[in-house]
Amino acid sequence: MKNSLFIALLLISMLSISGCWDMVDIDKRFFVGMIGIDKEGADYSVTLSIPKVMASSGQSSGQQPATPPVIILKESSKTIYGAIEK
């Protein structure tokens, strides 16, 4: 009786703690390619370069893309973390 209760609790706990309830698909994420940090007076200017995966894939060698294959984000703040957070 004691062993069967332990096994039942073990199975229930294994089922409840596994899974991907907050999973974000890989194509919905941003991956930073380059980071640039500049000091402008008392503020830091942070520039992020994020490649567009869908724009860069599937292009044939003879075609020029209509938009650049990267997204450039630039923010300024008193701290580097504050600029990245914006």
Side-chain angles (χ1 to χ4, degrees):
M1 177 69 181
K2 198 173 189 182
N3 285 339
S4 62
L5 180 63
F6 175 73
I7 292 173
L9 287 175
L10 182 66
L11 287 175
I12 290 171
S13 67
M14 285 173 45
L15 291 175
S16 66
I17 62 173
S18 65
C20 300
W21 60 273
D22 66 343
M23 185 183 82
V24 176
D25 289 334
I26 192 83
D27 61 339
K28 305 263 191 268
R29 291 184 184 259
F30 285 121
F31 296 100
V32 177
M34 290 183 281
I35 299 175
I37 301 171
D38 297 319
K39 178 83 169 167
E40 297 175 346
D43 289 346
Y44 288 97
S45 175
V46 177
T47 305
L48 302 176
S49 171
I50 303 168
K52 292 182 191 177
V53 177
M54 297 305 286
S56 62
S57 65
Q59 294 288 332
S60 67
S61 60
Q63 294 178 342
Q64 292 293 329
T67 60
V70 294
I71 300 170
I72 305 292
L73 302 174
K74 184 175 182 178
E75 289 291 336
S76 296
S77 182
K78 298 267 183 222
T79 63
I80 295 172
Y81 179 76
I84 292 173
E85 194 174 57
K86 284 183 182 179

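In this structure, the separation between OG1 on Thr47 and CE on Met34 is 10.5 Å, given to the nearest 0.5 Å. Summarising the geometry, atom CG belonging to Leu73 is positioned 13.5 Å from atom NZ belonging to Lys86; distances are rounded to the nearest 0.5 Å. Distance OH/Tyr44 to CD1/Ile37: 9.0 Å, rounded to 0.5 Å.
When every heavy atom of Leu48 is checked against every heavy atom of Val32, the shortest pair comes out as CD2-CG1, 4.1 Å. Contact between Ala83 and Ser77 at its shortest, heavy atoms only, is N-CB, 3.4 Å.
Lys78 pairs by the salt bridge (charged side-chain N to carboxylate O under 4.0 Å, His left out) definition with Asp43, not counting sequence neighbours. Qualifying side-chain contact (heavy atoms from CB on, under 4.5 Å) partners for Ile84, counting only residues two or more places apart in sequence or in other chains: Val46, Ile80. Applying the side-chain contact (heavy atoms from CB on, under 4.5 Å) rule to Glu40 yields the partners Ser45, Lys74, Ser76; only residues at least two apart in sequence or on another chain are considered.
Cluster partners of Leu5, using a side-chain heavy-atom cutoff of under 4.5 Å among ILVMFWY residues and allowing indirect links, are Leu9. Under the 4.5 angstrom side-chain criterion for Ile, Leu, Val, Met, Phe, Trp and Tyr, the cluster partners of Val70 are Ile72.
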